[in-house]
Amino acid sequence: AESPCLKGKRALVTAGGTQEPLDPVRYLGNRSSGRMGFAIAQALQEAGAETILVSAPTDLPTPPGVTRVSVQTALEMHDAVLAEFNKLDVVVKAAAVADYRPASQAEQKIKKDGANRTIELVPNPDILAELGRRKTSQVLIGFAAETENLLAYAQEKMQRKNVNLLVANDVTKPGAGFGSMTNIVSFLFPDGRRIDFPQMSKLEVAKNLVAEIARLLG
Ligand code: C5P
């Protein structure tokens, strides 16, 4: 198929798993590799969009032509995305954002003493939900990585976060989700339409997503 043209469009993608520090050497993290988000940034750039990639720590190289903004925590990601939001046409939130962060961060390395420990956690802002409340003309895309009840949870998320397209994937399937080179996804739309894709490389998923984005931008 012809590559869709997104010339003159401004896109932002978030990728990777945020890290929430406990002390100077430890953090709470998750298994996201960043590959899905990096593939989407590459596909958007190749389609002609001016593309910003707000990435949590990952070893992946920045796709050529993409502007990278490196962040560590959910709060840093929140600020980086909100700073750009008004200027954007498209936002794809592929990052695995920590839902909670430690209530406090120790200034020095926490020492062991053999006793049980409890970490108090406080909720992080839901960046995507906030964009959903603020959006004017932006096309907003969310992800739902689930381990059960995939379509029901994804449907609920699409409505609650006010997105134009939700990419749902069952991360327990072999060949899908965190760390994998491939993914098995469904696209859900607010009008009830759904597209189920077979197992594909993350770059192929990204290209299918860019085709839908071009359609949604009209
Ligand atoms: O609610 P859940 O975390 O499953 O929603 C996933 C979607 O919401 C993803 O697109 C993710 O990037 C986004 N999200 C976010 N901020 C959070 C949690 C999730 O933007 N604090």
Side-chain angles (χ1 to χ4, degrees), residues 11-21 27-41 43-44 51-58 60 69-85 88 90-103 121-135 138-173 176-179 183 185-190 202 205-206 208-210 212-213 216:
L12 182 146
V13 182
T14 69
T18 66
Q19 298 179 349
E20 311 296 325
Y27 59 81
L28 300 181
N30 64 69
R31 296 187 185 282
S32 171
S33 67
R35 282 200 191 94
M36 192 62 249
F38 275 58
I40 294 165
L44 284 166
T51 305
I52 301 171
L53 176 58
V54 176
S55 180
T58 144
L60 299 173
V69 178
S70 294
V71 298
Q72 185 189 12
T73 65
L75 289 177
E76 289 169 9
M77 183 171 279
H78 172 273
D79 292 350
V81 173
L82 268 293
E84 297 291 334
F85 190 55
L88 300 171
V90 184
V91 180
V92 184
K93 286 247 51 205
V97 184
D99 293 319
Y100 293 89
R101 66 179 180 277
L121 300 174
V122 296
N124 273 328
D126 188 318
I127 304 166
L128 184 55
E130 187 169 343
L131 300 183
R133 287 189 294 271
R134 288 179 183 227
K135 94 174 162 178
Q138 292 91 346
V139 167
L140 200 54
I141 319 250
F143 273 71
E146 304 291 349
T147 59
E148 60 175 358
N149 302 330
L150 176 66
L151 292 175
Y153 284 147
Q155 190 71 37
E156 184 275 330
K157 228 159 258 190
M158 179 174 61
Q159 283 159 359
R160 181 163 47 85
K161 303 200 187 202
N162 193 26
V163 298
N164 302 89
L165 193 175
L166 192 111
V167 182
N169 68 317
D170 180 341
V171 292
T172 65
K173 275 191 195 161
F178 293 175
N183 214 346
V185 304
S186 297
F187 291 174
L188 280 69
F189 299 87
K202 288 184 174 176
V205 173
N208 279 286
L209 186 59
V210 169
E212 289 302 325
I213 289 169
L216 288 167

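Indexing begins at 1, ligand by ligand and atom by atom, following the structure's order. Computed from a prediction, not measured in an experiment: that's the story for all the values here.
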Checklist entry - Would a 4.5 Å heavy-atom cut-off, applied to side chains only, mark N183 and M36 as touching? => result yes
Next on the checklist: Quick check on R160: does its CZ atom have over 12 non-hydrogen neighbours (other residues, nucleotides or ligands) under 6.0 Å away?
Outcome noted: yes
Item to check | Steps toward side-chain contact (heavy atoms from CB on, under 4.5 Å) verdict (V69, I52) | outcome: CA-CA 7 Å; V69 178; I52 301 171; 4.0 Å; yes
Next on the checklist: Given R101, which partner from the list T73, T18, V122 fulfils the side-chain contact (heavy atoms from CB on, under 4.5 Å) test?
Outcome noted: V122
Next on the checklist: For N124 and L75: C-alpha separation, side-chain torsions, deciding distance, then whether side-chain contact (heavy atoms from CB on, under 4.5 Å) applies.
Outcome noted: CA-CA 7 Å; N124 273 328; L75 289 177; 4.2 Å; yes
Checklist entry - Between V171 and T147, is a side-chain contact (heavy atoms from CB on, under 4.5 Å) present by the stated rule, with each step listed? => result CA-CA 6 Å; V171 292; T147 59; 3.7 Å; yes
Ligand 1 N/O to protein N/O, distances under 3.5 Å:
{"residue": "ligand 1", "atom": "1 (O)", "partner": "K161", "partner atom": "NZ", "Å": "2.9"}
{"residue": "ligand 1", "atom": "4 (O)", "partner": "K157", "partner atom": "NZ", "Å": "2.4"}
{"residue": "ligand 1", "atom": "5 (O)", "partner": "K161", "partner atom": "NZ", "Å": "2.9"}
{"residue": "ligand 1", "atom": "8 (O)", "partner": "K161", "partner atom": "NZ", "Å": "3.0"}
{"residue": "ligand 1", "atom": "10 (O)", "partner": "K93", "partner atom": "O", "Å": "2.6"}
{"residue": "ligand 1", "atom": "10 (O)", "partner": "F143", "partner atom": "N", "Å": "2.9"}
{"residue": "ligand 1", "atom": "10 (O)", "partner": "F143", "partner atom": "O", "Å": "3.4"}
{"residue": "ligand 1", "atom": "12 (O)", "partner": "K93", "partner atom": "O", "Å": "3.1"}
{"residue": "ligand 1", "atom": "12 (O)", "partner": "A95", "partner atom": "O", "Å": "2.8"}
{"residue": "ligand 1", "atom": "16 (N)", "partner": "I127", "partner atom": "N", "Å": "3.0"}
{"residue": "ligand 1", "atom": "20 (O)", "partner": "K93", "partner atom": "NZ", "Å": "3.0"}
{"residue": "ligand 1", "atom": "20 (O)", "partner": "L128", "partner atom": "N", "Å": "2.9"}
{"residue": "ligand 1", "atom": "21 (N)", "partner": "P125", "partner atom": "O", "Å": "2.8"}

